[in-house]
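The structure appears below as structure tokens.
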Amino acid sequence: MRLRESLHVPADDITDEAVYRDRRRVLAAIGLLPALGVAGCSEAAPPPSKVVVTPAQAKSGFRTAEEQTREADATSYNNFYEFGTAKDDPSNAAKTLRTSPWTVAVGGHCAKPGRLSLDDLLKGLRPEERVYRMRCVEGWSMVIPWLGVPLADVLKRFEPTSKAKYVAFTSLADPRQMPGVRADVLDWPYREGLRIDEAMHPLTLLVTGMYGKPVPQQNGAPLRLVVPWKYGFKGIKSIIAITFVERMPKTSWNLSQPSEYGFFSNVNPAVDHPRWSQKSERRIAGSASKLFAERIPTRPFNGYAEQVASLYAGMDLKKWF
Ligand SMILES: Nc1nc2c(c(=O)[nH]1)N[C@H]1C(S)=C(S)[C@@H](COP(=O)(O)O)O[C@H]1N2
Ligand SMILES: [Mo]
């Protein structure tokens, strides 16, 4: 329990950043991180390109024009506890995760359950690029160009019944491939869930790629969830099961610390984490030589209130945090 309470370190713990940066510098110096050494640390590297956003796209929330996080940072500063709890553990340890063949079991309250290969699951659906803000509960955030399909397009194929009030997701938990699963930091497998209307919302993305390439192992290959108005931990990685359920499913972080992590976990600057403020965040983006840019205010629903606030009409969001 002592160990678990130390998880999810707030981003303003400056030691965390210093340690991470130092480790990266050392690894780059001894040649273990050639690409990162250039793209992640050099001030001379060009800043990521800005995105031109049409009014319709702005209204949908599908593409923010905010400065993007460098690919090198988004693929090396990760939370994927199955590979360890340090930010650079996943990029160092996940390379060997076998992502093909990959099957996903879809079941529960639906007319057409099945165990499908990833290709069959996504057959006929074309990945779209979405540029989303991602706000980790720890108080840092990124802007990432994802490639994926709306989760709704996949779920509809299984014909959920009227009993499907929630959708539960399960990650792979293979101790032979995932050293972190041997540690007692969470109750494995990692589990997440959404209410069915959240799951069917057009912003909710089933991700297969980022930065125009297949999603790397450390970011949740070959299939992960991205729900941009919720804290990052709702975005479960390396999914092997999707289940339609009637009752609110158990989720890993809520099981681990129910007072700190609610089922909904919508980004909300008005509800502080018991151990730190959620009013602002440190953006990891752009060409700054430091990992974190200046602190910026955190917005309700991570800036997606226009698209999603109506899902929670009449709900007390302090109670249902
Ligand atoms: N299976 C699994 N999924 C996970 C996590 C994890 O530890 N295991 N960490 C979550 C957290 S806390 C965050 S912030 C995001 C991080 O995604 P990224 O590394 O692609 O930025 O993944 C989420 N999904
Ligand atoms: Mo997170």
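Values reported hereafter were calculated over all heavy atoms of this structure, with side chains retained and with hydrogens, waters and symmetry mates removed. We count ligands from 1, going down the list as the structure has it; atoms in each ligand are counted the same way. For this chain, numbers begin at 1 and follow the sequence in order.
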How close does the nearest protein non-hydrogen atom get to [atom], and which residue and atom is it?
{"atom": "atom 21 (O) of ligand 1", "value": "M134 CE, 2.9 Å"}
{"atom": "atom 8 (N) of ligand 1", "value": "E82 OE1, 2.8 Å"}
{"atom": "atom 7 (O) of ligand 1", "value": "Y81 N, 2.8 Å"}
{"atom": "atom 3 (N) of ligand 1", "value": "K237 N, 3.1 Å"}
{"atom": "atom 15 (C) of ligand 1", "value": "G232 O, 3.5 Å"}

[X] to ligand 1, any heavy atom closer than 4.0 Å:
{"X": "E192", "answer": "no"}
{"X": "K234", "answer": "no"}
{"X": "M142", "answer": "no"}
{"X": "G235", "answer": "yes"}

**Item:** Verdict with reasoning, F264 to K230, per side chain to side chain contact (heavy atoms under 4.5 Å, CB included)
**Value:** CA-CA 8 Å; F264 286 94; K230 294 178 178 283; 4.1 Å; yes
**Prompt:** Would a line drawn from the ring center of F233 to the ring center of Y261 be shorter than 6.0 Å?
**Reply:** yes
**Message:** Can you confirm whether or not the ring centre of Y312 sits under 6.0 Å from the ring centre of W320?
**Reply:** no
**Prompt:** Purely on distance, is any nitrogen or oxygen of W253 under 3.5 Å from one on ligand 1?
**Reply:** no
**Message:** Please check whether N79 reaches ligand 1 - meaning an N/O of the residue sits under 3.5 Å from an N/O of the ligand, judged on distance alone.
**Reply:** yes
**Atoms of ligand 1 close to N219 [distance to a heavy atom under 4.0 angstrom, numbered from 1]** = 18 (P), 19 (O), 20 (O)
**Request:** May I ask you to list the atoms of ligand 1 that are less than 4.0 angstrom from any heavy atom of H8?
**Result:** 12 (S)
**Request:** Answer yes or no: is there a side-chain heavy-atom contact under 4.5 Å between R135 and F301?
**Result:** no
**Item:** Approximate separation, where rounding is to 0.5 Å, of Y231 OH and N268 CG
**Value:** 6.0 Å
**Prompt:** For the atom pair CG (D316) and CZ (F321), what is the distance rounded to the nearest 0.5 Å?
**Reply:** 11.5 Å
**Request:** List the steps, then state whether salt bridge (Lys or Arg N to Asp or Glu O under 4.0 Å) holds for E198 with K234.
**Result:** CA-CA 12 Å; E198 300 177 321; K234 299 292 292 183; over 6 Å; no
**Message:** Nearest non-hydrogen contact with atom 2 (C) of ligand 1 belongs to which option: W146, W140, Y190, Y231?
**Reply:** Y190
**Message:** Out of S91, C136, G220, S171, who is nearest to atom 14 (S) of ligand 1 when you count heavy atoms only?
**Reply:** C136
**Message:** Heavy-atom pairs closer than 4.0 Å: do any link ligand 1 to the side chain of E138, the backbone, both, or neither?
**Reply:** neither
**Message:** Is it true that Q218 and S91 share a donor-acceptor pair across their side chains at a distance under 3.5 Å?
**Reply:** no
**Prompt:** Quick check: does any side chain N or O of D73 sit under 3.5 Å from a backbone N or O of L291, one acting as donor and the other as acceptor?
**Reply:** no
**Message:** Run R283 and E66 through side chain to side chain contact (heavy atoms under 4.5 Å, CB included) and show every step you take.
**Reply:** CA-CA 11 Å; R283 182 59 61 81; E66 284 163 66; 2.9 Å; yes
